[in-house]
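First up is the structure itself, then whatever we jot down about it.
Letters go in sequence order (proteins before strands), and every chain restarts at 1.
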2 protein chains.
Amino acid sequence: MRAALRSQLVTDGVAPECATTIELVRDVLGRVGDKWTVLVITALAEEPLRFTALHERIAGVSQRMLSQTLRPLTRDGLVTRTAYAEVPPRVEYALTPLGRSLGDAVTHVVRWVQDHQVEIARNRDGFDGAATDPK
Amino acid sequence: MRAALRSQLVTDGVAPECATTIELVRDVLGRVGDKWTVLVITALAEEPLRFTALHERIAGVSQRMLSQTLRPLTRDGLVTRTAYAEVPPRVEYALTPLGRSLGDAVTHVVRWVQDHQVEIARNRDGFDGAATDPK
DNA sequence: CTGAATCCTTGTTGATACTG
DNA sequence: CAGTATCAACAAGGATTCAG
């Protein structure tokens, strides 16, 4: 199964139909790895939120980055964007079932980090110590 | 549990000990989201490989990016680096159990993409169609 | 209120060349 | 063989300003 995973990811000698899958995998993984997407998903997982509310909950995000993060999520159907024709305008973002299921998948990785953070920190100390103290 | 996840990720009003966890989560997620790490992990999941072998298997990676990808993985204890004192030099990289377990966690996300790629593509078409065809 | 447009700074990537 | 050093190109992120 791991070989099957690799066959989906590797780019040398890919079959043409596979090329689109590997691109999509990279696209989504890159999304998950970016600075704000996971925070947006987890924030929306609690409850639907309007733009400003999101902006307030996610500390440090700029308006620009927030809308840049939301657009591809909306495009992929991970979140819905509902604009109410009022003045002042009101736009509510909510997580779709699809987005929720991605959040669940990502949770595995997040939990992995939490479960292994001590071990990782210890490894880093050992590595850095060996580098500076080569005795 | 989802609220717990969010409490680990969000940066506003964090407890001091949490700050290091959220940084680590971002660090690892960023790693997973970069261009080469997942490919390296999946390649090494099959068998230990030397530098050149990795370089050949992962199409498109430069020597520079490969060593830049390998160093943090080694530092965190996800892969081992064994240098044999020979001429010519030989260095073998292998996945540790820790690295293997991260690969398993990431597999959930990869499988999620595979399972939902059609739905995502359909959503994108709809989104793009609505943008260009506002009738 | 909800963004889009602009500018600017920084970080990331890749090509190339060089070393133990 | 297994990298490091250097440089140029580019993308990402943030601050600010403007608009519907």
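In this structure, the CD atom of A/Glu92 is 15 Å from the P atom of C/dC1, given to the nearest Å. To the nearest angstrom, C1' of C/dT2 lies 12 Å from CG of A/Leu54. B/Leu73 places its CG atom 13 Å from the P atom of D/dG3, with the value rounded to the nearest Å. Counting to the nearest Å, the C1' atom of D/dA11 and the CG atom of B/Asp34 are 15 Å from each other. Taking atom CG of B/Leu49 as the reference point, atom P of D/dA2 lies 11 Å away to the nearest angstrom. Residue A/Leu66 contributes atom CG, which lies 16 Å from atom C1' of D/dA12 at whole-angstrom precision. Atom P of nucleotide D/dA2 and atom CD1 of B/Ile58 are separated by 14 Å, given to the nearest angstrom. Atom CD of B/Gln68 and atom P of D/dG3 are 13 Å apart (whole Å).
When heavy atoms are screened at a 4.0 angstrom cut-off, A/Tyr93 is found touching the sugar-phosphate backbone but no base atom.
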I'd like to know whether B/Asp115 forms a side-chain contact (heavy atoms from CB on, under 4.5 Å) with B/Trp112, so could you lay out the CA-CA distance, the side-chain angles of the two residues, the decisive distance to 0.1 Å, and finally the verdict.
CA-CA 5 Å; B/Asp115 292 345; B/Trp112 182 91; 5.8 Å; no
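Residue B/Thr52 places at least one side-chain N or O under 4.0 Å from the OP1 or OP2 atom of D/dA2. Look at B/Arg71 and you won't find any side-chain N or O under 4.0 angstrom from OP1 or OP2 of D/dG3. When the side-chain nitrogen and oxygen atoms of A/Arg50 are compared with OP1 and OP2 of C/dT2, one or more of them lie within a distance under 4.0 Å.
Within the structure, the salt bridge (Lys or Arg N to Asp or Glu O under 4.0 Å) test picks out the following pairs touching residues 78-89 of chain B (sequence neighbours left out): B/Glu86-B/Arg90.
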Atom pairs, N/O to N/O, protein against nucleotides 14-20 of chain C, distance under 3.5 Å?
{"from": "C/dG14", "atom 1": "OP1", "to": "B/Lys35", "atom 2": "NZ", "distance (Å)": "2.5"}
{"from": "C/dG14", "atom 1": "OP2", "to": "B/Trp36", "atom 2": "NE1", "distance (Å)": "3.3"}
{"from": "C/dG14", "atom 1": "N7", "to": "B/Arg64", "atom 2": "NH1", "distance (Å)": "2.9"}
{"from": "C/dG14", "atom 1": "O6", "to": "B/Arg64", "atom 2": "NE", "distance (Å)": "3.2"}
{"from": "C/dG14", "atom 1": "O6", "to": "B/Arg64", "atom 2": "NH2", "distance (Å)": "3.4"}

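The salt bridge (Lys or Arg N to Asp or Glu O under 4.0 Å) check on B/Arg31 picks up B/Asp27, B/Asp76, with sequence neighbours excluded. Residues forming a side-chain contact (heavy atoms from CB on, under 4.5 Å) with B/Thr80 (at least two apart in sequence, or on another chain): B/Ala94, B/Thr96.
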Can I get a per-line list of side-chain donor-acceptor pairs under 3.5 Å for residues 59-74 of chain A, giving both atom names and the distance, sequence neighbours left out?
{"from": "A/Ser62", "atom 1": "OG", "to": "A/Met65", "atom 2": "N", "distance (Å)": "3.1"}
{"from": "A/Ser67", "atom 1": "OG", "to": "A/Gln63", "atom 2": "O", "distance (Å)": "3.3"}
{"from": "A/Ser67", "atom 1": "OG", "to": "A/Arg64", "atom 2": "O", "distance (Å)": "3.2"}
{"from": "A/Thr69", "atom 1": "OG1", "to": "A/Met65", "atom 2": "O", "distance (Å)": "2.6"}
{"from": "A/Thr74", "atom 1": "OG1", "to": "A/Leu70", "atom 2": "O", "distance (Å)": "2.8"}

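Distance alone, capped at 3.5 Å, places no donor-acceptor pair between the B/Arg100 side chain and the B/Leu95 backbone.
Of all nucleotides listed (D/dT4, D/dC1, C/dA4), D/dC1 comes nearest to the side chain of B/Pro88.
Note on the helix from C/dC1-D/dG20 to C/dG20-D/dC1: angle between the axes of the first and last five pairs equals 40°, rounded to 10 degrees.
Annotation: side chain of B/Leu24 is in contact with side chain of A/Arg124 (closest heavy-atom distance under 4.5 Å). By the 4.5 Å heavy-atom criterion applied to side chains, B/Val79 and B/Ile41 are not counted as neighbours.
Ring pair B/Phe51/B/His55 is parallel by interplanar angle, where below 30° counts as parallel and above 60° as perpendicular.
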